[in-house]
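Accompanying notes for the structure given below.
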Amino acid sequence: MTRLFHISDLHFGLEDRTALGWFEDCVRREAPDAILITGDLTMRARTHEFVAACAWIEGLGAPVTVEVGNHDLPYFNPLARFFWPYERIRGIERLVERELDLAGVAVVPLKTTARAQWRLDWSKGWVTDKALAKTLAAIDALPSRTVVLVTAHHPLVEAGTRGRALTRGGEAALTALAARGVSAVLTGHVHDAFDLVKETTAGPIRMIGAGTLSKRIRSTPPSFNELTLDAAAITVRVRNLEHVPTSHMQIDDVPPDALPPREPGEPVAPVGAVPPVDPPVH
Ligand SMILES: [Fe+2]
Ligand SMILES: [Fe+2]
């Protein structure tokens, strides 16, 4: 059995110290086999934000993989964004988009960020042919019968959450991954957790999204995903900081506002949850 903690969107600069401390305690107590981080370590890719994020990640004391998120590319300096987009994340270079091998399980990265795109909003996802080819080649090099998890920052297709990824090339990528028998695609970016199965022309594929450990919450409290992999299945448990029942965070039929369903007589907002806010830029 393999147990993984999947976290995302730490957004150092607007990190939630309570949520981070709670997660650290969970890691210390439960010692997961690895921690998978699906991007947006920082708010604006400032050096001090990366320093804080790196120190926190290093302090977890567990094997970690890190994806780059759109917030991890230089924001204020266009020259740096175009010519050295990944320079500032060098402090954790050995962790970035690294392949991680566990017993019978492989974690393979897929890059979905872009320094620029032919559309106004560069925060959205883009799977280039080159990025997809690199991921498929890594999958093809694995021993047969390996359980493959692909990690990326942006959901490849929409998951019905309030935040959207609008990933260019995402549907084709998802189909290619389904054709390879990938067990699940793990992502962040939308700041709300989900766990669903998407049909593609190459068959079904699981999509698992982690929420955020930052103050930039959308519809649900700070959370992380606990994945348990055994011979039979992958089980996902969404663990959230406030006392919202887990079943409410696991969305099979996603409501339009992605809010947890209400019990009869329950207040409109989950107990302890902060009302959703619309961040100006994602
Ligand atoms: Fe984010
Ligand atoms: Fe993002």
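All ligand and atom numbering here is 1-based and tracks the order in the structure.
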Got a sec: is H11 within less than 2.8 Å of the Fe ion (ligand 1) via an N/O/S atom?
yes
Determine, stepwise, if the pair R239 / E30 fulfils salt bridge (charged side-chain N to carboxylate O under 4.0 Å, His left out).
CA-CA 13 Å; R239 297 173 59 173; E30 301 169 39; 2.7 Å; yes
Give a yes/no answer: is there an N/O/S atom of H71 under 2.8 Å from the Fe ion (ligand 2)?
no
How long is the straight-line distance from NE2 of H153 back to OG of S8, given to the nearest 0.5 Å?
6.0 Å
Near the Fe ion (ligand 1), is there an N/O/S atom from H191 that is less than 2.8 Å away?
yes
Which atom of D9 approaches the Fe ion (ligand 1) most closely (N/O/S):
OD2
Looking only at heavy atoms, the pair that brings A62 and V27 closest together is CB-CG1, 4.5 Å
D40 atom (N/O/S) at minimal separation from the Fe ion (ligand 1)
OD2
Angle subtended at the Fe ion (ligand 2) by H189 ND1 and H153 NE2, rounded to 10 degrees:
90°
Is D40 paired with R216 through a side-chain N to carboxylate O contact shorter than 4.0 Å?
no
Give a yes or no on whether D140 atom CG has more than 12 heavy-atom contacts from other residues, nucleotides or ligands under 6.0 Å away.
yes
